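Here the structure comes first, spelled out in C-alpha cells, and everything after it is commentary.
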Amino acid sequence: MKLATFNINGVKARAETLGRWLEQARPDVAVLQEIKSVDEAFPRALIEDRGYHLETHGQKGFNGVAILSTLPLHNVTRGLPGDETDEQARWIEADIGETGLRVCGLYLPNGNPAPGPKYDYKLAWMERLKARATALLAEERPLAFAGDYNVIPQPMDAARPEAWRQDALFLPDSRAAFRRLEALGLYDALRLRRPEPGLYSFWDYQANARGRNDGIRIDHWLLSPQAADLLLDCWIETEPRDWDKPSDHTPVWVDLAA
DNA sequence: ATGTCACTTCATAAGTGA
C-alpha cells in the first residue's frame, strides 16, 4: 500500500496539478496540507471522481489539511487535542479501511519569525503533538504521522544549512522537539531507507531555488514501531515540483506491507 | 535585501503568510 504526503499550497489553485498527480501516481492514501480552503469550497469532485474517499479539515484563507483513500476512512478526528482555543486547521486522523493502520495528517506551524509568539505557538503545538503521539503509541498499533513538519531535522537535510541557522525551521529548539518525537519510538521513514544527503521535499519559489537545487527536507513520515515493521520503502517524488504551476513542496511516499 | 506565490479585503492594490 502506497501512501503519500503532499503540501499542495492551495487546493483550488492546484486543481489541475492535483488531478494529474492522482491519475499518474495513484496513491492508495494521501494526506494533503495547506489546502487553503473551507470544507464547503473544497473541490471534492476532483478527488471523488477519481475513486477516493475524502475527509477534509479546512479554514478560510490558509492552513487546512485533508486525507483521501481508496479504502473507506473510519474514526476521523479533526484538530490536534490539547488546546480548545486553537482554531488553526492543522491536524486530521483516520483509520484506513480494515487494515489496522491509523494515519495522522499534520501541518506543523512554520514558527517564523523567531523568537516571537508564532515560534511559541510552534513549540507548544509540537508539545501537543508529542502528547497525542504518546497516547496513540500506547495502543501499540501501526501509526503513521505524515505531513509538513516545518522542521529540518539535521544539517544534511538542507542544501545550505548555514542559511537556516536563525530560521524557525532549523533552530535548536525546533530540532530538539522533533528529536523528542523520535525518542518516543517513532521512526523517520526516509532515513530508514535512504541515508544519503541531498534529499529535499521543498524548494522556495524565489531565486530559482529549484533550479539550483537549494532545497530542504521538511515533509516527513514518522512511523510507530508496528508501522516501521511494515515499511517496504520510502522515497521523495521530485517530478511534480517541475510541472507547470507547481506547489513549492513535492510528494514524499512510503510503501507499507499493509 | 531581493526574489515568488496564494489568498484576502469596506477589493481591482496592498496586506498576510509562507
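Every chain is numbered from 1 and lettered A, B, ... according to where its sequence line falls, protein lines coming before strand lines. All heavy atoms count here, side chains included; hydrogens, waters and symmetry mates do not. None of the values given here were measured: they were computed from a predicted structure.
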Tell me whether the count of non-hydrogen atoms from other residues, nucleotides or ligands lying under 6.0 Å of CD in Glu182(A) goes above 12. yes
Establish, with yes or no, whether the OP1 or OP2 oxygen of dA6(B) is under 4.0 angstrom from a side-chain nitrogen or oxygen of Lys245(A). yes
Could you state the atom-to-atom distance from CD of Glu16(A) to P of dA6(B) in whole Å? 13 Å
For dG15(B) and dC10(B), measure between their P atoms and round to the nearest Å. 14 Å
What is the minimum heavy-atom distance between Arg175(A) and Arg165(A), and which atoms define it? NH1-NH1, 4.4 Å
Spacing of Arg212(A) atom CZ relative to dT2(B) atom P, expressed in whole Å: 16 Å
Nucleotides 13-18 of chain B: protein proximity per nucleotide (B base, S sugar-phosphate only, - neither; heavy atom, under 4.0 Å): ----SS
Kindly determine whether Lys2(A) and Asp255(A) satisfy salt bridge (charged side-chain N to carboxylate O under 4.0 Å, His left out), including the steps that lead there. CA-CA 4 Å; Lys2(A) 293 182 173 62; Asp255(A) 188 8; 3.7 Å; yes
Just checking, any donor-acceptor pair under 3.5 angstrom between side chains of Asn63(A) and Gln88(A)? yes
Which whole number of Å gives the distance between the C1' atom of dT12(B) and that of dC7(B)? 15 Å
Starting at atom CD1 of Ile35(A), determine the distance to atom C1' of dC5(B), rounded to an integer number of angstrom. 18 Å
Quote, to the nearest angstrom, the C1' distance that separates dT16(B) from dA11(B). 15 Å
For residues 22-56 of chain A, which residue pairs pass the ring-ring contact (aromatic ring centres under 6.0 Å, His included) check, not counting sequence neighbours? none
Atom pair distance, as rounded to whole Å: NZ in Lys12(A) and C1' in dC5(B): 15 Å
Considering every strand and a 4.0 Å limit on heavy-atom distances, what is the contact class for Ala13(A): base, sugar-phosphate, or nothing? sugar-phosphate
Taking dG3(B) as the reference, what is the distance to dT8(B) when you measure between their P atoms (whole Å, please)? 23 Å
Hey, what's the ring geometry for Trp91(A) with Trp125(A), parallel, tilted or perpendicular (30° and 60° as the breaks)? perpendicular
So CZ of Phe202(A) and CD1 of Ile152(A): to nearest 0.5 Å the spacing works out to 9.5 Å
Roughly how far apart are Leu80(A) CG and Arg90(A) CZ, rounded to 0.5 Å? 10.5 Å
Collect all protein-nucleotide pairs involving nucleotides 9-12 of chain B in which both atoms are nitrogen or oxygen and the distance is under 3.5 Å.
residue, atom, partner, partner atom, Å
dT9(B), OP1, Lys60(A), NZ, 3.1

Rounded to whole angstrom units, what separation is found between the CG atom of Asn208(A) and the P atom of dC5(B)? 11 Å
Asp39(A) CG to Thr56(A) OG1 distance, which is reported to the nearest 0.5 Å: 3.0 Å
